[in-house]
Amino acid sequence: MDSIRIQGGVALQGKVRIHGSKNAALPILAATLLVRDNSFIRNCPRIADVYAMINLLKGLGCCVRWLETGIVVDSTHVQKGEMCREAVTGMRSSLCLLGALLGRCGELTMEYPGGCVIGKRPIDLHLSALRKMGVEFTESGGRLRAVASRLHGACIRLPFPSVGATENIILAAVAAEGDTILEGAALEPEILTLCRYLQSCGAFIEGAGSGRLIVHGGRRLHGSEFAIPADRIVAGTYLFGCMGTGGNVLLECAPEEEMAAVLEVARKMGGHVCCSEEGIYVQAPERPKPVSISTEPYPGFPTDLQSVVLAAEVRGCGCTSIKETIFENRFRIVEDLEKMGACIERNDCCSVTVKGVERLHGACLEARELRGGAALVIAGLMAEGETIVKGCPYIYRGYENICRDFRELGARVTSV
Ligand code: UD1
């Protein structure tokens, strides 16, 4: 099932339920290592990255069981094992095992983490912060070894609000001796969710949700039951799918309060957006109005939705300008969209102008990363005729069942 076949030209109509957030679930699964007990994580998405994280946890000695409503992780016994090479190199979020394992065991050896090929993605901010907390790093044969004979609190200021570095610092700080003061923390909602989970296990964290966190480390954590919130990026993907196809969609359970910048863009594109207890309702105009967006750390417009807006605006009724400021390699879909008749001008390495065209035609495309892959599926929905998107395992890393979801919205989509 490596490809998706789409018969395009159908406006999305109906309702779809938004599953649990990938970027919230992954650090929380890593955090269960700090709890020498059973954790019950509800609404955990059944996606490839979560399965990879579970394999890593099992390899470290955790017992993991799926139930209908979530997942139980028993981390009573954890050994300082080797982490499965493929799972680490294939997934950037395996990096949050760094903070969690240092907190639990004080040492680890791992490959450099992989993930989507959307830029250089260095880990210098993670390493320099953890060094301040007493961690020594050495490298041999492409593997990273980290040892902390005494993990201690520190005053850390991040020069850029890295999501992953903030998560790693919190995870290590919860287990460290003494207090950690973190300035310049990322504000992404997934950080607040991680803090709430750790607090539900007994951690003492002040300032959760702000850029200045104080973590009082060293408390013994206990198991808890915690629900993963709905995925704001999946909700945004379907929202812009609706905008691109001129549809009419209810995004059930979509996390409205985390999507302010996204909803503002959808409104500027001409969408009628209403929020209720049920979720977010969007009604799109026939063709999106042009917009000008620049990706920013939260609460700005998320980089993870840049490609889906780009895809939607390919059939827009004007010139849209898009600037990518977070990752340098996030315009890899442009060539594929051009095969469908899109008109896109590259201004420089990090900005493009999309000149909307009236019609797109189906083509054979290749997903090269997660969100770009989803954007190509949306372009297929907008095009006349048949589109095949190959390389779909990238998409399955972050969407439980994108074909089923689009079918529920009336699209003619199958995985082949
Ligand atoms: C997380 C998200 C990803 C999202 C991104 C930005 C997860 C699993 N992934 O990724 O979906 O696109 O946030 O919202 O939550 N950087 C450095 N040095 C470092 C760390 C980061 O230079 O040590 C740079 C990166 O190269 C990038 C920028 O900082 O240019 C943002 O990275 P970061 O916020 O760390 O993103 P991730 O945690 O990898």
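Atom set for the values below is all heavy atoms of this structure, side chains included, hydrogens, waters and symmetry mates excluded. These numbers were taken from a predicted model, which means no experiment stands behind them.
When side chains are defined from C-beta on, Asn401 counts as touching Cys403, because their heavy atoms get closer than 4.5 Å. In this structure the side chain of Pro229 reaches within 4.5 angstrom of the side chain of Thr193, judged on heavy atoms. Residues Cys62 and Asp74 are not in side-chain contact: their nearest non-hydrogen atoms beyond the backbone lie 4.5 Å or more apart. Within the 4.5 Å cutoff, side-chain heavy atoms of Glu177 are placed close to those of Arg150. With contacts defined as side-chain heavy-atom distances shorter than 4.5 Å, the pair Val147/Val135 does not qualify. Between Cys274 and Ile280 there is no side-chain heavy-atom pair separated by less than 4.5 Å. No side-chain heavy atom of Leu381 sits under 4.5 Å from any side-chain heavy atom of Val10. A heavy-atom distance below 4.5 Å is found between the side chains of Ile214 and His216.
No donor-acceptor pair under 3.5 Å is formed between the side chain of Glu256 and the backbone N or O of Glu258. Of the possible polar contacts, none joining the Gln283 side chain to the Gly271 backbone as a donor-acceptor pair under 3.5 Å is found. Remark: the backbone N or O of Ile228 is paired with a side-chain donor or acceptor of Asn43 at under 3.5 angstrom. For the pair Arg267 (side chain) and Val273 (backbone), a donor-acceptor distance under 3.5 Å is present. Between the side chain of Ser351 and the backbone N or O of Asn347 there is no donor-acceptor pair closer than 3.5 Å. Between the side chain of His19 and the backbone N or O of Glu400 there is at least one donor-acceptor pair closer than 3.5 Å. The backbone N or O of Leu12 lies less than 3.5 Å from a partner atom in the side chain of Thr245, making a donor-acceptor pair. The backbone N or O of Gln13 sits nowhere less than 3.5 Å from a side-chain atom of Asn248 that would complete a donor-acceptor pair. Using a distance-only test at 3.5 Å, with no hydrogens or angles considered, no donor-acceptor pair links the side chain of Asp37 to the main chain of Leu221. With hydrogens and angles disregarded, a donor-acceptor distance shorter than 3.5 Å links the side chain of Arg104 to the backbone of Ser75.
Of all the heavy atoms in Leu187 and Ser210, the pair that sits closest is CD2-C, 3.5 Å. The two residues Val50 and Ala25 have their closest heavy-atom pair at CG2-CB, 4.3 Å. Between Glu313 and Val291, the closest heavy-atom pair is OE2-CG2, 3.7 Å. Of all non-hydrogen atoms in Ala186 and Pro161, the two that sit nearest each other are CB-O, 3.3 Å.
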Inset, instruction - Would you sort out whether Glu296 and Ser294 count as a side chain to side chain donor-acceptor pair (under 3.5 Å), showing the intermediate values? - result: CA-CA 6 Å; Glu296 304 289 345; Ser294 172; 3.1 Å; yes
Inset, instruction - Start with the C-alpha gap between Ile6 and Glu386, add the side-chain angles, then the distance that decides, and say whether side chain to side chain contact (heavy atoms under 4.5 Å, CB included) holds. - result: CA-CA 6 Å; Ile6 307 143; Glu386 182 173 284; over 6 Å; no
Inset, instruction - Mind running side chain to side chain contact (heavy atoms under 4.5 Å, CB included) on Ile293 and Thr320 for me, showing each step along the way? - result: CA-CA 8 Å; Ile293 62 163; Thr320 281; 5.7 Å; no
Inset, instruction - Take Arg145 and Glu107 through the test salt bridge (charged side-chain N to carboxylate O under 4.0 Å, His left out) and record every step on the way to the result. - result: CA-CA 8 Å; Arg145 175 143 180 83; Glu107 63 176 284; 2.7 Å; yes
Inset, instruction - Show your working on side chain to side chain contact (heavy atoms under 4.5 Å, CB included) between Asn38 and Val73 and close with a plain yes or no. - result: CA-CA 6 Å; Asn38 279 309; Val73 182; over 6 Å; no
Legend entry - Evaluation steps, side chain to side chain donor-acceptor pair (under 3.5 Å), between Ser276 and Tyr281: CA-CA 8 Å; Ser276 73; Tyr281 173 73; over 6 Å; no
Inset, instruction - Assess whether side chain to side chain contact (heavy atoms under 4.5 Å, CB included) is satisfied between Glu188 and Arg232, documenting all intermediate values. - result: CA-CA 11 Å; Glu188 268 67 4; Arg232 66 192 170 102; 3.5 Å; yes
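Among pairs with a residue in residues 223-257, those fulfilling ring pair (Phe, Tyr, Trp, His ring centres under 6.0 Å) read Tyr197-Phe226, Tyr238-Phe406, at least two apart in sequence or across chains.
Heavy-atom neighbours of Lys390 NZ from other residues, nucleotides or ligands within 6.0 Å: at or below the threshold of 12. Annotation: Arg404, atom CZ; neighbour count of heavy atoms from other residues, nucleotides and ligands within 6.0 Å is above 12. In this structure, Glu335 places its CD atom where only 12 or fewer heavy-atom neighbours from other residues, nucleotides or ligands lie under 6.0 Å away. Summarising the local packing, CD of Glu206 is surrounded by more than 12 heavy atoms from other residues, nucleotides or ligands at distances under 6.0 Å. The number of heavy atoms from other shown groups lying within 6.0 Å of CZ (Arg46) is above 12. With a 6.0 Å radius and a threshold of 12 heavy atoms from other residues, nucleotides or ligands, Arg412 has its CZ atom above the threshold. The local environment of CZ in Arg65 is sparse, with at most 12 non-hydrogen atoms from other residues, nucleotides or ligands closer than 6.0 Å.
To the nearest 0.5 Å, atoms CD1 (Ile344) and CD (Glu338) are separated by 5.5 Å. Note that the CD1 atom of Ile322 and the CZ atom of Arg330 stand 12.5 Å from one another [nearest 0.5 Å]. Atoms CD and CG, on Gln79 and Leu60 in that order, are 7.0 Å from each other to the nearest 0.5 Å. With values rounded to the nearest 0.5 angstrom, Leu310 atom CG is found 12.0 Å from Leu305 atom CG. Distance check: Tyr396 OH to Asp49 CG gives 14.5 Å after rounding to the nearest 0.5 Å. Rounding to the nearest 0.5 Å gives a distance of 7.5 Å between CD of Glu190 and CG of Asp231.
Salt bridge annotation for Glu225-Arg42: present, with a cationic side-chain nitrogen under 4.0 angstrom from a carboxylate oxygen. At a threshold of 4.0 Å, the pair Glu264-Lys268 counts as salt-bridged, since one of the basic side-chain nitrogens sits closer than that to a carboxylate oxygen.
Between the side chains of Ser224 and Ser200, a donor-acceptor pair is found at a separation under 3.5 Å. The closest side-chain donor-acceptor pair between Glu324 and Thr295 falls under 3.5 angstrom.
Screening Ile402, Ile388, Leu365 against Ile4 for a side chain to side chain contact (heavy atoms under 4.5 Å, CB included) leaves a single residue, Ile402.
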